[in-house]
Amino acid sequence: MSIRTRFAPSPTGMLHIGGVRTALFSWLYARRHGGVFILRVEDTDRERSTEEATRVILDGMQWLGLTADEGPYFQSQRMDRYREVIERFLSEGLAYRCYCTKEELEAMRNAQLAAKQKPRYDGTCRQRSAPRPGVDPVVRFKNPLDGVVVVEDAIHGRIAFANAELDDLIIARSDGSPTYNFCVVVDDLDMRVTHVIRGDDHLNNTPRQINMLQALGATPPVYAHVPMILGADGAKLSKRHGAVSVLQYREEGYLPEALLNYLVRLGWSHGDQEIFTLEEMIQKFDIADVNKSASAFNPEKLLWLNQQHIMRATPEYLAGQLKPHLEALGVEVTDLARLAAVAKAQQERAKTLKEMARNSVFFFAEVTEYEEKAAKKNLTTESAAALGAVREKLAALETWAAPAIHEAISQVAAELGTGLGKVAQPVRVAVSGGSISPPIDVTLEILGRDTVLERLTRAMDWIARATPNKG
RNA sequence: GCUCCCAUCGUCUAGAGGCCUAGGACACAGCCCUCUCAAGGCUGCGACGAGGGUUCGAAUCCCUCUGGGAGCGCCA
């Protein structure tokens, strides 16, 4: 039988990296085994589900390339099916209507807590034969009263729960709507899910779900409860440290494959390997190699990996990724070949696309002012001579290419009896406006002769104006 | 409180009884390379939570403790 995995996020909160990693593991596992990956949106709580959160799930999965082979299914569109199964539970005596009021339940709960007991429903309505006027009943599943449920977890191994610890959970609310644990069981069964890979915060739900499955005469799927991701401070992931929408990472200039690479290494490893292409992940991922313990999110390492992936990417691909970030800075890019040249020149000097864009603006827009510190140090009367000499040599160059440009600048340095830095750095400030750029020859080549000559002239003018009496 | 889970450098991890003087990566510090910024190279710093067993031998197996986490909703 072919493997079928699913990712079942709830649109009651933003899809964050914790969810993404679970999705990744499920996706990887399905891909690795030539199986099917299903996306299912768990939106039974219509009150708290938002359209925006649903959008983030869909857009986020698409951005990351975690494409679903089936779905997205929406639980909100399967209500008839749930009602049908609830009826079946009722008619087969697997469930019963409970007329206890919320107040009564609350009182029961408080009493149990006060007696230092685990709060749970006492099963009062199991015996009830007649409806109670004025109360809309909920439906509860009749959990076995004794015995143990064994979860054979692919990550944790065998875990046993005593049925005596479990109570009769509500499967339908008083308005008739089905609840989470029930919907999961019905869906996983209907969708023929073979491997349930999810966060280990669901571990405690598993015995109930297995009981329901068994009541329906079904065989439980393989469960794999992956450890949680903690914030950078080791505390639970929250808005403060990283529980932001995945799309935030796109905005900040992360490559999808870098984020995936970072996430796959959280709780999973393959020897000492740190950098994985998507294909390698698919090839090497296995649930058996997933850790049991929670791991903390480390933004620095993500940044490093992003840089590593940027360095390994092709300039053309990078250009496409970089474009929106330049546009966000108000730079229109029409020449994609030129953009690729820029990306190539920049790819080992940026940790994010956003940073790369920021440092690349001067390739596309006029230099309107010089960074103060850089100008003060490099655009001086002394360097004006170097700039002039460079300008002259460059203007006379036969071929406009990096090697020739490099040669010209070296010559100027030699003629002036100074180091290359004394010449290259003023030129850098003149053409880029600041002190940071790719190697000067490459930078000038991409910029083009006309632009370079113009910017050199402009810098010399600027020097003359800035030091009027020295002349 | 009860149930369940977890435990190697600050962080991510390797480690399935001898290969461990515990390896790699991020971060940090120093050095090298160098036209800036990076990248890269080298070096350093730095961990098996504690106590008991089992064994000729334990980071690895067992127990207890401690610490952390999750669940106990007409949320998912």
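Chain identifiers are assigned alphabetically (A, B, ...) following the order of the sequence lines, protein sequences preceding nucleic acid strands; residue numbering begins at 1 within each chain.
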(message) Both A:Gln307 and A:Lys422 contact RNA chain B. Which one's nearest nucleotide lies toward the 5' end?
(response) A:Lys422
(message) Considering every strand and a 4.0 Å limit on heavy-atom distances, what is the contact class for A:Ser435: base, sugar-phosphate, or nothing?
(response) base
(message) What's A:Thr12 touching, base or sugar-phosphate or nothing? Going by heavy atoms closer than 4.0 Å.
(response) nothing
(request) Give A:Lys351 one of three labels, base, sugar-phosphate or nothing, depending on what nucleic acid heavy atoms sit under 4.0 Å from its own. (result) sugar-phosphate
(message) Ignoring hydrogens and geometry beyond distance, is the side chain of A:Glu274 in donor-acceptor contact with the base of B:G24 at under 3.5 Å?
(response) yes
(message) Does B:C5 have OP1 or OP2 under 4.0 Å away from a side-chain N or O of A:His225?
(response) no
(message) Between A:Asn359 and A:Gln346, do the side chains contain a donor N or O and an acceptor N or O under 3.5 Å apart?
(response) no
(message) So A:Asp167, base contact, sugar-phosphate only, or nothing? Heavy-atom distance under 4.0 Å.
(response) nothing
(request) Mind calculating the distance between CG (A:Asn163) and P (B:C2) to the nearest angstrom? (result) 20 Å
(message) Measuring to OP1 and OP2 of B:C12, would you say a side-chain N or O of A:Ser295 lies under 4.0 angstrom away?
(response) no
(request) Answer with yes or no whether A:Arg428 presents, from its side chain, a donor or acceptor under 3.5 Å of a partner atom in the base of B:C35. (result) yes
(request) Report the C-alpha separation of A:Arg132 and A:Glu104 in whole Å, then their side-chain angles, then the decisive distance to 0.1 Å, and conclude whether the salt bridge (charged side-chain N to carboxylate O under 4.0 Å, His left out) test is met. (result) CA-CA 14 Å; A:Arg132 194 166 159 190; A:Glu104 288 166 344; 2.5 Å; yes
(request) Using the C1' atom on both, measure B:C42 against B:C5 and round to a whole Å. (result) 43 Å
(request) Kindly say if A:Ser432 contacts the phosphate of B:U36, meaning a side-chain N or O under 4.0 Å from OP1 or OP2. (result) no
(request) Ignoring hydrogens and angles, state whether a donor on the side chain of A:Asn163 or A:Asn211 is under 3.5 Å from an acceptor on the partner side chain. (result) yes
(request) For A:Pro9, answer base if it contacts any base atom (sugar-phosphate contacts may also be present), sugar-phosphate if it contacts only those atoms, and nothing otherwise; contact means non-hydrogen atoms under 4.0 Å. (result) nothing
(request) For RNA chain B, determine which residues of residues 106-114 of chain A have any heavy atom closer than 4.0 angstrom to one of its atoms, and list them numerically. (result) A:Arg109
(request) Mind checking A:Gln308 for me? I need base, sugar-phosphate or nothing, with any heavy atom below 4.0 Å counting as a touch. (result) sugar-phosphate
(message) Could you tell me how far B:G67 sits from B:C31 if I compare only their C1' atoms? Round to whole Å.
(response) 41 Å
(request) Write down the distance separating the C1' atoms in B:G51 and B:A7, rounded off to the nearest Å. (result) 16 Å
(request) Can you check whether any acceptor in the base of B:C74 is under 3.5 Å from a donor in the side chain of A:Ser174, or vice versa? (result) yes
(request) Please state whether the phosphate of B:A14, meaning OP1 or OP2, lies under 4.0 angstrom from any side-chain nitrogen or oxygen of A:Asn291. (result) yes
(message) Should the side chain of A:Asp201 and the base of B:G71 be counted as holding a donor-acceptor pair, with the cut-off at 3.5 Å?
(response) no
(request) Nearest 0.5 Å please: distance from the OG atom of A:Ser269 over to the CD atom of A:Glu274. (result) 9.0 Å
(message) Under 4.0 Å, counting only non-hydrogen atoms across every strand here, what does A:Lys116 touch: a base, just sugar-phosphate, or nothing?
(response) sugar-phosphate
(request) May I ask which nucleotide in the shown strands pairs with B:U21, Watson-Crick or G-U wobble, both distances under 3.5 Å? (result) none
(message) Over all strands shown, is A:Arg265 touching base, sugar-phosphate only, or nothing at heavy-atom distances under 4.0 angstrom?
(response) base
(message) Using a heavy-atom cut-off of 4.0 Å across all strands, would you classify A:Asp175 as base, sugar-phosphate, or nothing?
(response) nothing
(request) Give one of base, sugar-phosphate or nothing for A:Phe161, where a contact means two heavy atoms less than 4.0 Å apart. (result) sugar-phosphate
(message) Could you tell me how far B:U60 sits from B:C20 if I compare only their C1' atoms? Round to whole Å.
(response) 11 Å
(request) Quick one: look up who B:C72 pairs with, Watson-Crick or G-U, both distances under 3.5 Å, and put none if it's unpaired. (result) B:G1
(request) Sticking with atom C1', work out how far B:U13 lies from B:C48, rounded to a whole angstrom. (result) 13 Å
(message) Please confirm whether the shortest side-chain N or O distance from A:Gln273 to OP1 or OP2 of B:G24 is below 4.0 Å.
(response) no
(message) Partner lookup for B:C28, please. Criteria are Watson-Crick or G-U wobble with both distances under 3.5 angstrom; report none if nothing qualifies.
(response) B:G44
